[in-house]
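What follows is a single structure, written as structure tokens, with notes after it.
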Amino acid sequence: MAQDMSPELAEVPQHIGIIMDGNGRWARERGLPRLEGHRAGTENIRRVLEACSQYGIQIVTLYAFSTENWGRPNQEVQGLLSILEQVIDREAANFHQRGVQLRHIGRLEGVSESLKNKVRRALELTKDNQRMILNVAFNYGGRAEILEAVRRILEEGVPPHQLSEEVFESYLYTAGLPDPDLIIRTGGEMRLSNFLVWQAAYAEYYAVNTCWPDFDEQELYRALLAYSQRERRFGKLRAQPVPR
Ligand code: IPE
Ligand code: IPE
Ligand code: MG
């Protein structure tokens, strides 16, 4: 079990981002409709999150739905939204029980009132939990996030000479959270697909062919082991201490 393996890890990331890709291919390989892949993918979140919390990972950001995913056939988009709506209350109650604080990054525009209300209720229910933060990137796009930050900075008339990286970050959806240390992508693609474009500048990347619904505790362990063996230099040289 994850707990027994953790002593082998020299370094555990504080914040991991997961691009949960490959649901459609998982379903196709089994002769199932794509939506069954999304359903299985949604069910997998609980297992991976529990394993993350056993390693002491404090923040997990899950890429659930991108601003570009609206471009998929309507049937798939509506199916995905309805799966989310079906499971959100149950999952929020489960996360709440486990001390998980739910957050949302992205926009709720274009989403039905009933789903919006469910999201708001889930955030409200779990807002004081401290054990772990689960940040869900839903209707999220890294470029949209940056543009929105720029718009607000201009609207507020922030003087150009006062605009530092720290100030800029305080306008992002992730304000107040540390950058991800590790980005895991399932489903084999080697790209960011508009995920945490600003925040992942110095993240370690780990891509695995396994489709998301099959990504289990063992797979997580392998990703964490790979991370613990990386040398993060942040542009400096080896002997120098690196910031955390
Ligand atoms: C990821 O799985 C889930 C979402 C993008 C919502 P995909 O649906 O992209 O699965 P593949 O990449 O087609 O297998
Ligand atoms: C990235 O997967 C988005 C999510 C996992 C939510 P996609 O399947 O949408 O990305 P591309 O199209 O392969 O870049
Ligand atoms: Mg995909």
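Both counts, for ligands and for their atoms, begin at 1 and track the order of listing. Remember, it's a predicted structure, so these values are computed and weren't measured experimentally. If you read the sequence from its start, that first residue is 1, and numbering goes on from there. The figures here come from the full heavy-atom set of this structure, side chains too, leaving out hydrogens, waters and symmetry mates.
- Counting heavy atoms from C-beta on, the side chains of Ile184 and Phe215 come closer than 4.5 Å.
- At distances below 3.5 Å, at least one donor-acceptor pair connects side-chain atoms of His15 with backbone N or O atoms of Pro178.
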Does ligand 1 have any N/O atom under 3.5 Å from a protein N/O, and what are those pairs and their distances?
unit_1: ligand 1; atom_1: 2 (O); unit_2: Asp21; atom_2: OD1; d: 3.4
unit_1: ligand 1; atom_1: 2 (O); unit_2: Gly22; atom_2: N; d: 3.4
unit_1: ligand 1; atom_1: 2 (O); unit_2: Asn23; atom_2: N; d: 3.3
unit_1: ligand 1; atom_1: 8 (O); unit_2: Arg34; atom_2: NH2; d: 2.9
unit_1: ligand 1; atom_1: 8 (O); unit_2: Arg72; atom_2: NH1; d: 2.7
unit_1: ligand 1; atom_1: 9 (O); unit_2: Asp21; atom_2: OD1; d: 2.8
unit_1: ligand 1; atom_1: 9 (O); unit_2: Arg72; atom_2: NH2; d: 2.8
unit_1: ligand 1; atom_1: 10 (O); unit_2: Gly22; atom_2: N; d: 3.4
unit_1: ligand 1; atom_1: 10 (O); unit_2: Asn23; atom_2: N; d: 3.2
unit_1: ligand 1; atom_1: 10 (O); unit_2: Gly24; atom_2: N; d: 2.9
unit_1: ligand 1; atom_1: 12 (O); unit_2: Asp21; atom_2: OD1; d: 2.9
unit_1: ligand 1; atom_1: 12 (O); unit_2: Arg25; atom_2: NE; d: 3.4
unit_1: ligand 1; atom_1: 12 (O); unit_2: Arg25; atom_2: NH2; d: 2.7
unit_1: ligand 1; atom_1: 13 (O); unit_2: Arg34; atom_2: NH1; d: 3.1
unit_1: ligand 1; atom_1: 13 (O); unit_2: Arg34; atom_2: NH2; d: 3.1
unit_1: ligand 1; atom_1: 14 (O); unit_2: Gly24; atom_2: N; d: 3.3
unit_1: ligand 1; atom_1: 14 (O); unit_2: Arg25; atom_2: N; d: 2.7
unit_1: ligand 1; atom_1: 14 (O); unit_2: Arg25; atom_2: NE; d: 2.7

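- Remark: Arg151 does not engage Glu148 in a salt bridge, criterion side-chain N to carboxylate O under 4.0 Å.
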**OP:** Evaluate the criterion salt bridge (charged side-chain N to carboxylate O under 4.0 Å, His left out) for residue pair Glu36 and Arg25; output intermediate values, then yes/no.
**Re:** CA-CA 11 Å; Glu36 287 309 311; Arg25 278 163 284 166; over 6 Å; no

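- Checked against the Mg ion (ligand 3), the N, O or S atom of Asp21 at the shortest distance is OD1.
- Listed by number with element, the atoms of ligand 2 under 4.0 angstrom from any heavy atom of Arg191 are 11 (P), 13 (O), 14 (O).
- Looking at Asp89, its side chain never comes within 3.5 Å of a backbone N or O of Lys118 through a donor-acceptor pair.
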**OP:** Take Glu113 and Lys116 through the salt bridge (charged side-chain N to carboxylate O under 4.0 Å, His left out) test and state the conclusion after the steps.
**Re:** CA-CA 5 Å; Glu113 274 309 310; Lys116 263 188 217 166; 3.3 Å; yes

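- With hydrogens and angles disregarded, a donor-acceptor distance shorter than 3.5 Å links the side chain of Thr126 to the backbone of Leu102.
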